[in-house]
> 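Once you've had a glance at the structure underneath, I'll fire off some questions.
Note that this is a predicted model, so its numbers are computed, not measured.
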Amino acid sequence: QVHLVESGGGLVQAGGSLRLSCAASGRTFSVYTVGWFRQALGKERECVAATWWGGSSTYYTDSVKGRFTISRDDAKDTVYLQMNTLKPEDTAVYYCAVAPENVSRRNVGDRSNYAYWGQGTQVTVSS
């Protein structure tokens, strides 16, 4: 079992920055792929970024490329999402999720691959 706690959300003006954190506890040795998802009101939950074991490989959805950076500190069992140049359309509840095995890049957005989810943190970007 892996327990995830997100933090760092809040209200920010357009153009601003936030850094989300996802702290893992429990059987974290089983963590392989970690994804950040977001769900805006009335929309499907989408994967915005992902990182694989070791952190050398990353994935970003097109709408956040160049603005968001995912990183992980395995010694601290924590994954971060640095969000810069935020836009009102980034407003959503952000969730981190972990998969107990390596997820292929093609399937990184498939929520069924992720066994553990955090409770989510609200990010609101005002215009």
> Hey, does Val79 have a side-chain heavy atom less than 4.5 Å from the side chain of Leu81?
no
> Do any N or O atoms from the side chain of Thr121 and from the backbone of Gly9 form a donor-acceptor pair under 3.5 angstrom?
yes
> Output all residues satisfying side-chain hydrogen bond (donor to acceptor under 3.5 Å, both in side chains) with Asp90, sequence neighbours left out; order by chain, then residue number.
Arg38, Arg67
> Hey, any chance Val103 and Tyr60 share a hydrophobic cluster, counting ILVMFWY side chains that come within less than 4.5 Å of each other, even indirectly?
no
> Of all residues at least two apart in sequence or in a different chain, which pass the side chain to side chain contact (heavy atoms under 4.5 Å, CB included) check with Ala40?
Lys43, Ala92
> Would you indicate whether Gln119, at its atom CD, is surrounded by more than 12 heavy atoms from other residues, nucleotides or ligands within a distance under 6.0 Å?
yes
> Quick one: pull up CG in Asp77 and OG in Ser25 and give me the separation to the nearest 0.5 Å.
8.5 Å
> As an exercise, state the distance from CE of Met83 to OG1 of Thr69, rounded to the nearest 0.5 Å.
11.0 Å
> Please name all residues satisfying side chain to side chain contact (heavy atoms under 4.5 Å, CB included) with Ala97, sequence neighbours left out, ordered by chain then number.
Phe37, Tyr114, Trp117
> Which residues pass the side chain to side chain contact (heavy atoms under 4.5 Å, CB included) test with Ser71, sequence neighbours left out?
Tyr80
> Got a second to check how far Arg72's CZ is from Thr78's OG1, nearest 0.5 Å?
10.5 Å
> For the atom pair CH2 (Trp36) and CD (Glu6), what is the distance rounded to the nearest 0.5 Å?
5.5 Å
> Under the side chain to side chain contact (heavy atoms under 4.5 Å, CB included) rule, collect the residues that match up with Arg105, sequence neighbours excluded.
Trp52, Ser57, Tyr59
> Could you list all the disulfide (SG to SG under 2.5 Å) pairs where at least one residue sits in residues 79-127, not counting sequence neighbours?
Cys22-Cys96
> Could you tell me the separation between the CZ atom of Arg45 and the OH atom of Tyr95, rounded to the nearest 0.5 Å?
4.5 Å
> Verify the cluster assignment for Val48 and Leu18: are they in a single hydrophobic cluster under the rule of side-chain heavy atoms below 4.5 Å apart?
yes
> According to salt bridge (charged side-chain N to carboxylate O under 4.0 Å, His left out), who are the partners of Arg19, at least two apart in sequence or on a separate chain?
none
> Can you pull out every salt bridge (Lys or Arg N to Asp or Glu O under 4.0 Å) where at least one residue sits in residues 107-123? Sequence neighbours excluded, please.
Glu44-Arg111
> Checking the side chain of Thr91 only, and the main-chain atoms of Val125 only, is there a donor and an acceptor separated by less than 3.5 Å?
yes
> Run the side-chain hydrogen bond (donor to acceptor under 3.5 Å, both in side chains) test against Ser17 and tell me which residues pass, sequence neighbours left out.
Asn84
> Restricting to non-hydrogen atoms, name the atom on Ser127 and the atom on Ala14 that form the minimum distance, rounded to 0.1 Å.
CA-CB, 4.4 Å
> So do Asn113 and Thr33 actually touch side chain to side chain, heavy atoms under 4.5 Å?
no
> With sequence neighbours excluded, what pairs up with Asn102 under the side-chain hydrogen bond (donor to acceptor under 3.5 Å, both in side chains) test?
none
> Check whether any side-chain heavy atom of Gln39 sits under 4.5 Å from a side-chain heavy atom of Tyr94, and report yes or no.
no
> Which atom pair, heavy atoms only, marks the closest approach of Val108 to Ala50?
CG2-CB, 3.2 Å
> How would you list, by chain and number, every residue that makes a side-chain hydrogen bond (donor to acceptor under 3.5 Å, both in side chains) with Lys65, sequence neighbours excluded?
Asp62
> Distance check, rounded to the nearest 0.5 Å: Ser126 atom OG versus Leu86 atom CG?
10.0 Å
